[in-house]
Amino acid sequence: MRTQPFTFELPFGGMPSEWDNHIQRSLSSMNGQYYDQAAYAEMLSENDQLLYEVYEVLVPAVEGELLHGVSILHPGKVGSEYFMTKGHFHSVLETGEVYYGMHGTGMMVMETPEGESSVMELVPGRVLYVPPRWAHRSVNTGATEDLITFFVYPGNAGHDYGTIEQKGFRKIVVEQDGKPTVIDNPRWQNTP
Ligand code: S6P
Ligand code: ZN
């Protein structure tokens, strides 16, 4: 756990020079999230492939600290839906997050508990602000490149994955006519 000042290098398109925690999420951790369930099942039966990785430096998970790291989302699709992160609300809902696009192209799908929705593009050199209360999921819309982002959020934020696992996001990003397209999620569930 880091409690002293530190630096590390983060080259564009590359790996951080150091990290404390390497999280890897594969297809099996996305059960129920992709709208084309048949395509998901078929893909999973062939290979539980790695979808994304997160490199975190560990600072104390308390108010005042800033957790940060690098997310690397690999390219690909389940049916016509692009590879994406699980997505979450922060457990402390009133905490935001900053993302910085470093490599590749993608989108951030966001929504509030009250039903507001926003989808914004992530490109290298762009900062994207996720305000407090907004659930967020990144989507890699590139054909061959990783989507690499740097993120920073409050140490006490925590993660609520359950709400999205149950309901999904209201919007999803699919390939239509060869282009990334935002559509209503046919599987979105308006459960309380
Ligand atoms: C954490 C922050 C990112 C995500 C990462 C993976 O608050 O938003 O570090 O954890 O992009 O996404 P997920 O939804 O699997 O945590
Ligand atoms: Zn977050």
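We count ligands from 1, going down the list as the structure has it; atoms in each ligand are counted the same way. Everything quoted here is computed from the prediction, not taken from an experiment.
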query = Are the aromatic rings of Tyr100 and His68 close, with centres under 6.0 Å apart?
reply = no
ask   = Among the protein atoms near the Zn ion (ligand 2), how many are N, O or S and lie under 2.8 Å away?
value = 4
key: Salt bridge flag under 4.0 Å for residues Lys171 and Asp184   = yes
query = Which residue, Glu121, Glu97, Met120, forms the side chain to side chain contact (heavy atoms under 4.5 Å, CB included) with Leu128?
reply = Met120
message = Given 3.5 Å as the limit, does a donor-acceptor pair link the side chain of Gln33 with the main chain of Glu165, or not?
response = yes
task = Could you tell me whether the side chain of Tyr40 and the main chain of Gly32 form a donor-acceptor pair under 3.5 Å?
result = no
Could you tabulate the donor-acceptor pairs under 3.5 Å formed by side-chain atoms of residues 50-59, not counting sequence neighbours?
from: Tyr52; atom 1: OH; to: Arg25; atom 2: NE; distance (Å): 2.9
from: Tyr52; atom 1: OH; to: Lys86; atom 2: N; distance (Å): 3.0
from: Glu53; atom 1: OE1; to: His22; atom 2: NE2; distance (Å): 2.8
from: Glu53; atom 1: OE1; to: Tyr55; atom 2: OH; distance (Å): 3.4
from: Glu53; atom 1: OE2; to: His74; atom 2: NE2; distance (Å): 2.7
from: Tyr55; atom 1: OH; to: His22; atom 2: NE2; distance (Å): 3.3
from: Glu56; atom 1: OE1; to: Asn21; atom 2: ND2; distance (Å): 2.9

task = Would you please say whether a donor-acceptor pair under 3.5 Å links the side chains of His88 and His136?
result = yes
ask   = Got the residues with a heavy atom under 4.0 Å of ligand 1, by chain and number?
value = Arg25, Tyr52, Val54, Ser71, Thr85, Lys86, Gly87, His88, His90, Glu97, Tyr99, His136, Phe151, Tyr153, His159, Tyr161
task = Tell me, please, which residues at least two apart from Arg2 pass side chain to side chain donor-acceptor pair (under 3.5 Å).
result = Glu18, Asp20
Joint cluster assignment, Val92 & Leu66, ILVMFWY side-chain distance < 4.5 Å = no
